[in-house]
2 protein chains.
Amino acid sequence: MTDTTPRRSTKQREAVREALSASDEFVSAQALHQALRQDGSTVGLATVYRALAALAADGEADALQAGGEVLYRACTPTHHHHLICRSCGRTVELEAAAVEQWAGRVAAAHGFVEPEHVVDIFGLCAECAARRAADDAR
Amino acid sequence: MTDTTPRRSTKQREAVREALSASDEFVSAQALHQALRQDGSTVGLATVYRALAALAADGEADALQAGGEVLYRACTPTHHHHLICRSCGRTVELEAAAVEQWAGRVAAAHGFVEPEHVVDIFGLCAECAARRAADDAR
DNA sequence: GTGCTGTTGAGAACGATTGTCAATTTCGCC
DNA sequence: GGCGAAATTGACAATCGTTCTCAACAGCAC
């Protein structure tokens with residue numbers, strides 16, 4: 001964790017970084033690999049996994065587990081949380097100073113140190129909610 | 001999802017429920033299966049998975065993903081969050097009305113409905129922190 | 001007890017992720 | 001610009017947690 005980063009810049013890593021930035025939703029490593037392949041790239045699956053892990057380690061991407069697979073998303077390097085549509089995957093980055101403080105306070109109150117926290121909100125975005133309402137009515 | 005619960009009570013399910021209650025940490029399905037086997041039970045791994053999924057669905061257990069596997073823990077049926085020691089696994093249940101409200105408010109502000117949220121704090125409990133400090137000094 | 005039906009257990013199947021290793025590419029250095 | 005060491009890549013195999021399948025079994029109402 002102490003920045004031992006002898007990272008070499010390669011086409012593949014750049015390609016993964018770009019493909020990730022191109023989406024504003026969380027995507028799986030598998031999906032990203034497929035997308036790259038369809039764009040004519042020849043990257044290997046293992047390389048995509050390695051690149052994503054590197055990006056996540058460098059704080060350039062966020063990772064979250066959902067449904068047995070790990071999803072990645074390019075993100076701002078500052079600490080933040082997510083509001084995610086569970087239907088279309090659209091994601092909003094949230095700042096939550098209040099929650100940060102709460103987490104730190106609660107951890108300290110129980111004698112815990114070095115608190116990290118996972119705070120994500122899943123819901124149905126306005127569009128998906130409307131679409132589902134229409135479907136239900138039909 | 002609307003409580004179609006024609007659940008039959010069997011020895012195996014009871015055994016899983018008990019084994020889960022016996023621990024106040026999050027445990028993996030695999031670990032629980034091993035523990036049951038060592039107690040002389042003959043439950044199958046698939047049954048443990050099914051029982052745990054059922055308990056989680058009924059709100060009698062909490063599930064969280066960590067390190068590629070799903071961990072379970074018996075819990076109070078009311079909504080709550082967790083403070084978890086990332087070293088020894090000791091867990092404290094938290095109530096967090098403030099966070100609930102924040103989550104609902106933020107979701108609504110972005111037009112999201114039916115918000116669910118994941119809020120967990122990982123840290124090092126006092127004992128583990130002390131132990132690690134001692135190890136580092138050595 | 002009898003019968004229907006949900007449940008079980010063993011093992012196979014599955015899917016995501018990680019490891020292996022020879023071939024290739026990057027990058028500091030001359 | 002060219003060299004060489006070392007990191008990186010890609011194809012494939014291996015691994016690991018979880019789910020599926022299916023015949024045998026057990027709970028519960030009658």
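- Rounded to whole Å, atom P of D:dG17 lies 10 Å from atom CD of B:Gln34.
- Taking a 4.0 Å limit (strictly below) on heavy-atom distances, residues 36-55 of chain B reaches DNA chain C at B:Arg37, B:Thr42, B:Val43, B:Gly44, B:Ala46, B:Thr47, B:Arg50.
- Counting to the nearest Å, the P atom of D:dA11 and the CD atom of A:Gln12 are 11 Å from each other.
- Salt-bridge check for B:Glu18 with B:Arg13: failed, with every basic side-chain N at 4.0 Å or more from each acidic carboxylate O.
- Bending across the helix from C:dG1-D:dC30 to C:dC30-D:dG1, expressed as the angle between its end axes from five pairs apiece, amounts to 40° (10° rounding).
- A salt bridge between A:Glu100 and A:Arg105 is absent, with no side-chain N of the basic residue lying under 4.0 Å from a carboxylate O of the acidic one.
- Rounded to the nearest 0.5 angstrom, B:Arg37 CZ and B:Leu45 CG are separated by 8.5 Å.
- The line from CD of B:Glu93 to CG of B:Asp24 is 10.0 Å long, rounded to the nearest 0.5 Å.
- One finds no salt bridge joining B:Glu14 and B:Lys11 here, because no Lys/Arg side-chain nitrogen approaches an Asp/Glu carboxylate oxygen to under 4.0 Å.
- Ion pair A:Glu25/A:Arg90 not flagged as a salt bridge, since none of the NZ, NE, NH1 or NH2 atoms sits closer than 4.0 Å to an Asp/Glu carboxylate oxygen.
- By the 4.5 Å heavy-atom criterion applied to side chains, A:Ile121 and A:Ile84 are not counted as neighbours.
- Within 3.5 Å, a donor on the side chain of B:Arg8 pairs with an acceptor on the base of C:dT5, or the reverse.
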- Task: Start with the C-alpha gap between A:Arg132 and B:Glu114, add the side-chain angles, then the distance that decides, and say whether salt bridge (Lys or Arg N to Asp or Glu O under 4.0 Å) holds.
- Result: CA-CA 12 Å; A:Arg132 210 190 47 178; B:Glu114 298 178 21; 2.6 Å; yes
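- D:dT9 atom C1' lies 15 Å from atom CD of A:Glu14, rounded to whole Å.
- For the atom pair CZ (A:Phe112) and CZ (B:Phe122), the distance works out to 11.0 Å, reported to the nearest 0.5 Å.
- Atom pair A:Gln65:CD and D:dT18:P shows a separation of 10 Å (rounding to whole Å applied).
- Of the side-chain N and O atoms in B:Thr10, one or more sit less than 4.0 angstrom from OP1 or OP2 of C:dT8.
- The structure places NE2 of B:His81 at 10.0 Å from CG of B:Asp62, a figure rounded to the nearest 0.5 Å.
- Put simply, CZ on B:Arg17 is 15 Å from C1' on C:dT7, counting in whole angstrom units.
- Using a 4.0 Å cutoff on non-hydrogen atoms, no part of residues 19-30 of chain B comes near DNA chain C.
- For the pair B:His33 NE2 and C:dA10 P, the interatomic distance rounds to 8 Å; values are reported in whole Å.
- Residues A:Glu60 and A:Tyr72 have side chains that never bring a donor and an acceptor to within less than 3.5 angstrom of each other.
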